[in-house]
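Only one structure is covered here, and it is reproduced in the block below.
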Amino acid sequence: MPGRARGAAGRHDPPVALDEPELTIIPANQAPCEDLAALFGRRGTAARCQCQRYKLRPREAFSKFPVEERAHRLRTQTECGHPDSETTSGLVAHLDGEPVGWCAVEPRPRFVGLLRHARVPWEGRDEDKADAAVWAVTCLFARAGFRRRGISRALARAAVAHARERGARALEAYPIVTTDVIAEELHVGTERTFADAGLRVVSRPTLRRIVMRIDF
């Protein structure tokens, strides 16, 4: 139903086929938890974060609880290994059956840390932070060894389709300006990645961050 965000993963969602027939993207609940473990790895920024940056509760910090708890929360949020689940928090890309990419996409209010930010994405906008019909992408990345192959762009396009099919009214993303950027900052995506998926710039709340959006 348009305008109603259900956040459903669907019991029989077919994989999304991309430019290359061997690249597919599925809701994360349809992927085994081992695939998530392979994507986030054991070292580096992704392994430390476990996509919990915008999931932290008030007064929580990464230093206050171990990475194993973050990984557990990610498994719970994605419902990985439960293909019949009605909810999930992201998408997983596979190339020839191997997990190669991740995208966090769900109703914007579920990113509780995002709701507490003063500038990105709220500055200069009149937005209802509790509007679950607006979805958001907060993270997307290709696994080491599979970068510069269009996987992030494919994930962005799949996120648009995923949100639309589940009743979202709009989808937002908050990419970073790529001038003087370091690799660890690119998990929020780039303007070009989301422009290729149909999103347009609606504001530039800081010198380095952009708010982009597509309305359905």
Side-chain angles (χ1 to χ4, degrees), residues 7-11 13 15 24-117 120 132 135-147 151-152 154-156 158-159 162-163 166 173-176 181-189 209:
R11 296 190 175 188
D13 288 353
T24 59
I25 296 177
I26 59 175
N29 67 293
Q30 297 181 16
C33 294
E34 292 80 5
D35 284 5
L36 286 180
L39 282 172
F40 284 84
R42 296 185 177 182
R43 295 183 299 173
T45 302
R48 289 191 299 272
C49 180
Q50 295 290 321
C51 214
Q52 299 304 299
R53 176 182 177 187
Y54 293 116
K55 295 286 192 175
L56 292 178
R57 300 159 189 162
R59 294 181 294 279
E60 273 194 331
F62 283 173
S63 61
K64 302 297 183 182
F65 61 101
V67 68
E68 290 80 10
E69 170 62 19
R70 283 169 243 158
H72 171 73
R73 292 186 187 185
L74 178 63
R75 292 192 297 270
T76 300
Q77 292 154 7
T78 59
E79 288 282 328
C80 58
H82 294 87
D84 290 339
S85 174
E86 291 297 323
T87 60
T88 193
S89 63
L91 304 171
V92 174
H94 291 89
L95 185 64
D96 290 330
E98 184 171 0
V100 295
W102 161 258
C103 176
V105 54
E106 57 182 329
R108 190 174 62 187
R110 293 187 184 170
F111 296 106
V112 293
L114 185 69
L115 303 184
R116 297 194 299 270
H117 278 228
V120 182
W135 285 42
V137 171
T138 59
C139 175
L140 79 168
F141 66 83
R143 184 179 172 189
F146 298 93
R147 293 167 187 158
I151 292 170
S152 290
L155 281 164
H162 179 75
R166 284 149 186 82
Y174 316 112
I176 193 165
V181 69
I182 61 175
E184 288 78 5
E185 297 176 305
L186 289 173
H187 69 278
V188 295
R209 296 296 295 277

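This chain uses plain numbering: 1 for the first residue, then up along the sequence.
- Between I151 and G101, the shortest heavy-atom distance links the atoms CG2-CA, 4.2 Å.
- Taking both residues in full, the closest heavy atoms of H94 and A31 are given as CE1-CB, 4.3 Å, listed atom of the first, atom of the second, then distance.
- When all heavy atoms are compared, the tightest approach of V67 to A47 is CG2-O, 3.0 Å.
- Inspection of the Q77 and Q52 side chains reveals an N or O donor paired with an N or O acceptor under 3.5 Å.
- For R147 (side chain) and A142 (main-chain N/O), a donor-acceptor pair under 3.5 Å exists by modelled atom type.
- Rounding to the nearest 0.5 angstrom, the gap separating the CD1 atom in I25 from the NE2 atom in H162 is 11.0 Å.
- Checking R53, R70, R116, R73 one by one against E60, the salt bridge (charged side-chain N to carboxylate O under 4.0 Å, His left out) holds for a single residue, R73.
- Smallest separation of non-hydrogen atoms from G189 and L140: CA-CD2, 3.7 Å.
- When the options T78, I26, V105 are evaluated for a side-chain contact (heavy atoms from CB on, under 4.5 Å) with T88, the one that passes is T78.
- Across P27 and R166, no two heavy atoms sit closer than the pair CG-NH2, 4.2 Å.
- Annotation: side chain to side chain donor-acceptor pair (under 3.5 Å) contacts of E79 (sequence neighbours excluded): none.
- Applying the ring-ring contact (aromatic ring centres under 6.0 Å, His included) test to every pair with at least one member in residues 33-86, sequence neighbours left out, gives these pairs: F40-W102, F40-F141, Y54-H117.
- Residues I176 and L186 are in side-chain contact: their nearest non-hydrogen atoms beyond the backbone lie under 4.5 Å apart.
- Distance check: E106 CD to W135 CH2 gives 7.5 Å after rounding to the nearest 0.5 Å.
- For the atom pair T24 OG1 and Q30 CD, the distance stands at 10.0 Å (nearest 0.5 Å).
- Atom-to-atom distance recorded for L74:CG and C49:SG is 9.0 Å, nearest 0.5 angstrom.
- For the atom pair L91 CG and N29 CG, the distance stands at 10.0 Å (nearest 0.5 Å).
- Between A61 and L56, the shortest heavy-atom contact is CA-CD1, 4.3 Å.
- Partners of C80 according to the disulfide bond (SG atoms under 2.5 Å apart) rule, which considers only residues two or more places apart in sequence or in another chain, are C33.
- Annotation: the span from K55 atom NZ to T76 atom OG1 amounts to 11.0 Å, rounded to 0.5 Å.
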